[in-house]
*Asks:* 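The structure that follows is given in the form of structure tokens.
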Amino acid sequence: MRQFSYERAIDPAQAAARAAEVEGAKFIAGGTNLLDLMKLEIETPVHLIDVNGLGLDEITETDEGGLRIGALVRNTALAADERIRRDYPVLTRALVAGASGQLRNKATTAGNLLQRTRCPYFYDTAQPCNKRAPGSGCAALSKGAFSRQLGIIGTSEACIATHPSDMAVGMRALDAVVETITPTGLTRSVPLEEFHLLPGDTPERENVLMPGEMITAVALPAPVGGVHKYHKVRDRASYAFALVSVALIRQPDGTGSVALGGVAPKPWRSVEADAELPNGAEAVMARLLNGARPTEENAFKITLATRTLAAMLAEE
Amino acid sequence: MSSPSKAFEPRRRTLLAGNTDLEPGAAQRTAAPVGPETTTITVTVNGTEQELTVDNRTTLLDALREHLQLTGTKKGCDHGQCGACTCTVNGARINSCLSLAVMHDGDAVQTIEGIGMPEALDPMQAAFVEHDGFQCGYCTPGQICSAKAVLEEIAAGVPSHVTGDLTTRIEATEAEIRERMSGNICRCGAYSNILAAITEVAEQQAQGDRA
Amino acid sequence: MQFNQPAGDNLFDNARLIGRPTPRIDGPLKVSGQAPYAYERHDAAEGQLVGYPVVSTIAQGRITGMDTSAAEAAPGVIGVVTTLEVGEMPTPSGMHTAPLFGGAEVWHYHQAIAVVVAESFEQARAAAALVKVDYDVTKGSFDLEAVWQQKKDDNSEPVARVGDFETAYQAAEVTLDQEYRTPSHSHAMMEPHASIAEWQDGKLTVWTSNQMIEWGRQSLATTLEMDADDIRVDSPYIGGGFGAKLFLRADAVMAALAARKLQRAVKVMLPRPMVMNNTTHRASTIQRIRIGAQADGKITAIAHEAISHTLPGGSGEDAVDQTRKFYAGDNRLIVKHLAEMHLPEANAMRAPGEASGLMALEIAMDEMAEKLGMDPVEFRTVNDTQVDPENPDRTFSDRHFVECLRQGAEAFGWVSRNTTPGGMRDGQWLIGHGVAGAYRGGPATTSGARVRLQDTGRIIVETDMTDIGTGSYTILAQTVAETMGVDLDAVEVRLGDSDFPVSAGSGGQWGAASSTAGAYAACIALREQIAERLRVNDPETLSFANGAVNAGEKQVTLASLAADGELVAEDSISFGDFRDEQVVSTFAAHFVELGVHVGTGEIRLRRMLAACDAGRILNPVTARSQVIGGMVMGVGAAMMEEMAIDTGRGYFPAHDLAGYEVPVHMDIPSQEVIFLDTVDPASSPLKAKGVGELGLCGVAAAVANAVYNATGVRVRSYPMTLDKYLDQLPAV
């Protein structure tokens, strides 16, 4: 971990301005992923802006009848919130499927969205990785590489990493919107669908945030009702990243939404696939995973996603 | 579907040991810290207020182990992957390896040393001894810190991955305890005994509540 | 003390303490965080500096240059030691393969090549990243499958050949011929390797985490080319080992070299992401098993052939070993192949050989039982043997494998299981039951101890034996208290210090039987001294009870015997050849019930049971913990543990505790352990054998067989992750 200076931010606009002003600055909130990466020098900020004192830790009701989740609401608090449990249970289910109790106590809503991939080659600085060291190559795509956990769709010739979040998958099924503040004090709202970027030729760019721009909240639209489920499949029963996870919201008439985790560089969902929900899991996945380019080692994720959704649909 | 391939051939090369910024296009780091690289904080550890001046890079775990020489909190992975470093901050259990000491100015930290010492063990510690809830002992302080917090989290109604109905009271079932304890790895495999220890304390607490 | 014949009736047959459930005497220290592990010995040496390793980032080749200037100029740095400046050092021992440090040659990924020493951990870590290294890369081969294709069927140099396997196999009424695969495993003990080293007047002290103190001391002496008597190794508490800490490792060498160069105490802990490639692992195997049997189930021919990878000069994994002894059969063929490749060093991990060998053999036995239309318990029973199948004149000293199967099956309710694969459902879960047998040797080796009777009546026992979580502290206290007729809390146990008598150490499940026998020998020496003091000719006529010794009418307290100064006695046990003239082994049967999700293929265990035959159980509390812990590791081997190999780059890419998954609380169901009430007089004066490795043996196969019973899909490649059978499950 390289040396850095440290300051505690006092308000969101000031924090964003400061982040834009100091070259190599980064925000730190829960720190559960950033510090992990700083220890390995995958992240090398020279200045940390501690945003934990900014408030932004409340869940409030929006004018549209939805909820606004402050950027610093901890994963535990979000999962336990009575309104979330009652009206957005897919989000609670996704949250508690992720990480461990200790990590959820620290991890924040914004930080969870900004998690970086768990690709083993990204994590080893001796290996080429276009995300960590642009232009160095993708070790995961070389002959003999270990790619079982990695992405099958939305990936590119430059990168096949996945986004590791569970929370974001639940939020994606709920049509969440990310709210930010820029260094100049402007605010904007970005649908979660558009927040994460696909790797293309620039896998180092993972989201639409501009330098210094800070997430202040995630807004959920008014409750949509229906039955909410989240099924995370992994090699051990807990405390592991997903092979595949499926968020499902299903209305009494059979319509609804489906989002996948563990398969792509971002929570994976499409309206076309959602429209197939009344026709069953095969139909949904035929659409949702159309164009998938798995490796030999992770092609099973297509079958797994299909069967997992089928099992969820059959449960009722 | 075939695997896309992009062969990378190893070749003669120079590598930085820790971080390679491998060749072309690697972001060049020119920026430098804009303030002091150490910070003085005040933190209350096991009820005692401590003033510490730490390298900004020092984790809470290393502040405890190296600065305060409270070595009951263990370093198993230093990356949030094992739970051996679990302690509580302001009542919530966290991985102290993934938290900077400078971020805990004004906080109250409790470690295993504050829970109980050999001559006066906490009921959870005593239950771990009685049920042989450990072998090598290295993950044990973290297990115990977690175990106590788990019972509090259940009582507070925090849901878990195995919670059935999200809208009713949560009971301290075996599945709830096992799921919530899953962030504390025990490679010796004492899980069944740890469960027995926690279950006994949960029952003691439930009896205490009823009495 | 010589152990030259089977133990007769002795005090352990009517024991007060041995065999009684006894909570760990080190428990209160461990649950309060007061037990000191290697890296936290702040008290051990003044002014400790921190060393952070630099490791190679190629699998094979040569270092052509190292630039440490930036690291040396970094804040807080006191010095750097590089592998080039040190030069090649002698191989630490015959049990090591790769160099731990020194020289330009790179044998494997993450080989230690420098250590950067600074005032603080943060400074050392940052500076270590500044070391620049030039390499000449050698292109290696890392494909075990390819080598297997070349070597299989080459039976020209068998490990063992009995009768005529080929003819008998051809003639057999029922045959099986299958291949099985086990991956590389990491010990993944919770405490990474760590050492503090200090030099004073040319003498070296290393506070470390090591299972085998004397091996460690001798290896340090060899490596550093110094007199072993000038080295002290101290390791009273060890945060798990499972074989990873059997041998001297790079942490201790780096700490010692840096401390010598800088003339300051230096501590080094291997960062977790370096542990899996820098240290040792259990090698992956490919195994072919052929079994031929008569229609009545009697095995007439059995062949086990296995390959594993190793660095040049290593011995690989002995996955075929148990097959030489476990089941009967007149015609036998055992073949072992090695594939030399520059992966990190393959070496011993808990139950080396048997753990991976039984993962294959016990699936094969299940498959064979099915082909024969026999219950797998019955099939194993029919093929029990009471003699060494390769040498029928050699008998087992005490073997109750059939009784393990019988008692286990009864307690588990085996008869009432569903026998049609894929035929039992509970909602979306396919329910299955599986059984497997377990076999592991019961070795014992020379072990010494010293006992010191204090004027308070307390007895201190000192031995370089280690407690890696096994319960050594407690069983040694029980042994000494039993032999000297004192209460358990009158005994203080001091372990892990090379200043103490050399013991068996912890490994190969020999520790408990050997070290308690050594402590017993020292106690007998003390009893002889006491007899002399009391002018009693025959020490056997003395009786020791309640902190006193009775000689006829006369009773003297132990405390009073030491009133003029402590009495010190030292001895060791050594085991005579008679022990090896028999087969001393341990046995178990494992039973598992589980569910496989019909949609996702997820496996959830429902209950596990082990029935074990391991001679006298010294402490049922700690022995049971050993067994349930082994069962947990077996679940890991069955379901998730795999050090995947990047066959292009030649290393284990998923090298941390997120990438290498081991079981968590949620994976483990209720566990039951039955210990057969057996004693093995040929094993030791206490008639005890080890259980620490037995608990792991066979477990993974029991899980695999249960998965087959649940799904009807036979998976012969571990771990049994869902991608290997998902597409064969029934429609949701």
Side-chain angles (χ1 to χ4, degrees), chain A residues 1-4 36 38-41 44 99-100 118-121 123-128 139-149 164 231-241 243-244 246 280-282 297-315, chain C residues 55-58 74-75 109-110 122-123 125-126 129-130 142-143 271 273 277 427-428 597-605 635-636 639-642 644-659 661-668 719 721-724 726-727 729 731-732:
Chain A
M1 190 186 296
R2 296 189 197 169
Q3 285 186 314
F4 58 85
D36 170 32
M38 285 169 64
K39 289 177 184 190
L40 298 166
E41 298 204 0
T44 55
S100 67
R118 301 287 167 161
C119 174
Y121 299 102
Y123 260 78
D124 189 331
T125 51
Q127 300 301 334
L141 283 172
S142 63
K143 191 165 178 290
F146 173 59
S147 61
R148 181 171 175 269
Q149 291 275 350
H231 196 130
K232 180 179 186 179
V233 183
R234 41 192 160 177
D235 288 326
R236 65 184 179 196
S238 189
Y239 197 24
F241 294 99
L243 294 168
V244 164
V246 181
E282 296 263 359
E297 282 188 340
N298 65 21
F300 74 93
K301 288 188 174 190
I302 295 172
T303 314
L304 180 58
T306 310
R307 295 186 66 103
T308 302
L309 178 60
M312 293 165 79
L313 294 173
E315 265 167 7
Chain C
V55 288
S56 70
T57 55
I58 63 165
Y109 199 77
H110 279 189
E122 294 79 14
Q123 292 166 335
R125 180 177 55 191
L130 300 173
F142 306 99
D143 188 350
N277 285 284
Q428 290 198 339
H597 194 280
V598 69
T600 63
E602 294 160 285
I603 302 170
R604 293 287 182 270
L605 270 65
V635 170
M639 291 172 50
M640 66 195 77
E641 290 186 35
E642 175 175 22
I645 299 167
D646 184 322
T647 56
R649 293 160 193 283
Y651 79 115
F652 303 116
H655 51 68
D656 59 22
L657 289 175
E661 293 182 17
V662 301
V664 295
H665 276 271
M666 196 61 205
D667 290 301
I668 302 306
T721 48
L722 53 89
D723 44 307
K724 293 174 182 167
L726 188 63
D727 57 358
L729 294 180
V732 177

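A, B, ... follow the sequence lines: proteins, then strands. Residue 1 opens every chain.
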*Asks:* Quick check: does any side chain N or O of C/Gln428 sit under 3.5 Å from a backbone N or O of A/Ala311, one acting as donor and the other as acceptor?
*Replies:*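 A pair under 3.5 Å: yes.
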
*Asks:* Please classify the contact between C/Val635 and chain A as side chain, backbone, both or neither, with a heavy-atom cut-off of under 4.5 Å.
*Replies:*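 For C/Val635, no heavy atom lies under 4.5 Å from chain A.
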
*Asks:* Quick one: pull up CG in C/Leu130 and CD in A/Glu41 and give me the separation to the nearest 0.5 Å.
*Replies:*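 The CG atom of C/Leu130 sits 7.0 Å away from the CD atom of A/Glu41.
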
*Asks:* Counting only non-hydrogen atoms closer than 4.5 Å, does C/Tyr651 touch chain A with its backbone (N, CA, C, O), its side chain (CB onward), both, or neither?
*Replies:*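 Looking at C/Tyr651, just its side chain touches chain A.
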
*Asks:* Less than 4.5 Å apart, any side-chain heavy atom of C/His110 and any of A/Asp124?
*Replies:*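 Answer yes - side chains close enough.
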
*Asks:* Name the region of C/Leu657, side chain, backbone, both or neither, that has any atom closer than 4.5 Å to a heavy atom of chain A.
*Replies:*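 The backbone, not the side chain.
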
*Asks:* Examine whether an atom of C/His597 lies under 4.5 Å from a heavy atom of chain A, and if so say whether it belongs to the side chain, the backbone or both; otherwise answer neither.
*Replies:*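 Only the side chain of C/His597 comes within 4.5 Å of chain A.
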
*Asks:* Is A/Met1 close to C/Arg125 at the side-chain level, that is, under 4.5 Å between some pair of heavy atoms?
*Replies:*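 SC-SC contact between C/Arg125 and A/Met1 confirmed.
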
*Asks:* Drop me the distance from C/Leu726's CG to A/Phe300's CZ, to the nearest 0.5 angstrom.
*Replies:*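 It is 8.5 Å, given to the nearest 0.5 Å.
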
*Asks:* May I ask you to test the A/Tyr121-C/Asp646 pair for a side-chain heavy-atom distance under 4.5 Å?
*Replies:*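 Touching, per the 4.5 Å side-chain cut-off.
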
*Asks:* Just verifying a value: how many Å separate C/Asp723 CG and A/Arg148 CZ, rounded to the nearest 0.5 Å?
*Replies:*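 Answer for the CG-CZ pair, C/Asp723 versus A/Arg148, is 4.0 Å.
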
*Asks:* Let's go through A/Arg307 and C/Leu729 carefully: what are the C-alpha distance in whole Å and the side-chain angles of both, what is the deciding distance for side chain to side chain contact (heavy atoms under 4.5 Å, CB included) to 0.1 Å, and is it a yes or a no?
*Replies:* CA-CA 10 Å; A/Arg307 295 186 66 103; C/Leu729 294 180; 3.4 Å; yes

*Asks:* Let me know if A/Gln149 has heavy atoms under 4.5 Å from chain C in its side chain, its backbone, both or neither.
*Replies:*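 It is the side chain, since no backbone atom gets that close.
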
*Asks:* For each of A/Ser238, A/Ala305, A/Pro120, A/Ala237, tally heavy-atom pairs with chain C at distances under 4.5 Å, and name the one with the top tally.
*Replies:*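 Answer, by heavy-atom pair count under 4.5 Å with chain C: A/Ala237.
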
*Asks:* Let's test your reading of the structure: which of C/Asp667, C/Asp143, C/Thr647 forms the most heavy-atom pairs below 4.5 Å with chain A?
*Replies:*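 Looking at each option in turn, the highest pair count goes to C/Asp667.
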
*Asks:* Could you state the interatomic distance from CD (C/Glu122) to CD (A/Gln3), rounded to the nearest 0.5 Å?
*Replies:*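 The distance works out to 10.0 Å.
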
*Asks:* Applying side chain to side chain donor-acceptor pair (under 3.5 Å), can you list everything that pairs with C/Glu661, at least two apart in sequence or on another chain?
*Replies:*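 Expected list: none.
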
*Asks:* Measuring heavy-atom distances to chain A, does C/Pro75 have an atom under 4.5 Å in its side chain, in its backbone, in both, or in neither?
*Replies:*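 Contact with chain A: side chain only.
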
*Asks:* Please report the interatomic distance CD1(C/Ile603) to CZ(A/Arg236), rounded to the nearest 0.5 Å.
*Replies:*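 The CD1 atom of C/Ile603 sits 15.0 Å away from the CZ atom of A/Arg236.
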
*Asks:* Can you find a pair of side-chain heavy atoms, one from A/Asp235 and one from C/Pro719, that are under 4.5 Å apart?
*Replies:*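 Not touching, per the 4.5 Å side-chain cut-off.
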
*Asks:* Looking only at heavy atoms and a cut-off of under 4.5 Å, which of C/His665, C/Gln123, C/Arg604 has the most pairs with chain A?
*Replies:*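 Option with the greatest count: C/Arg604.
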
*Asks:* Rounded to the nearest 0.5 Å, what separation is found between the CG atom of A/Leu243 and the OG1 atom of C/Thr721?
*Replies:*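 Nearest 0.5 Å value for the CG-OG1 distance: 8.0 Å.
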
*Asks:* Tell me, side chain or backbone of A/Lys39 under 4.5 Å from chain C's heavy atoms, or both, or neither?
*Replies:*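 For A/Lys39, backbone and side chain are both near chain C.
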
*Asks:* Could you tell me which of A/Thr303, A/Thr306, A/Thr308, A/Leu304 has the largest number of non-hydrogen atom pairs under 4.5 Å with chain C?
*Replies:*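 Between A/Thr303, A/Thr306, A/Thr308, A/Leu304, the count favours A/Leu304.
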
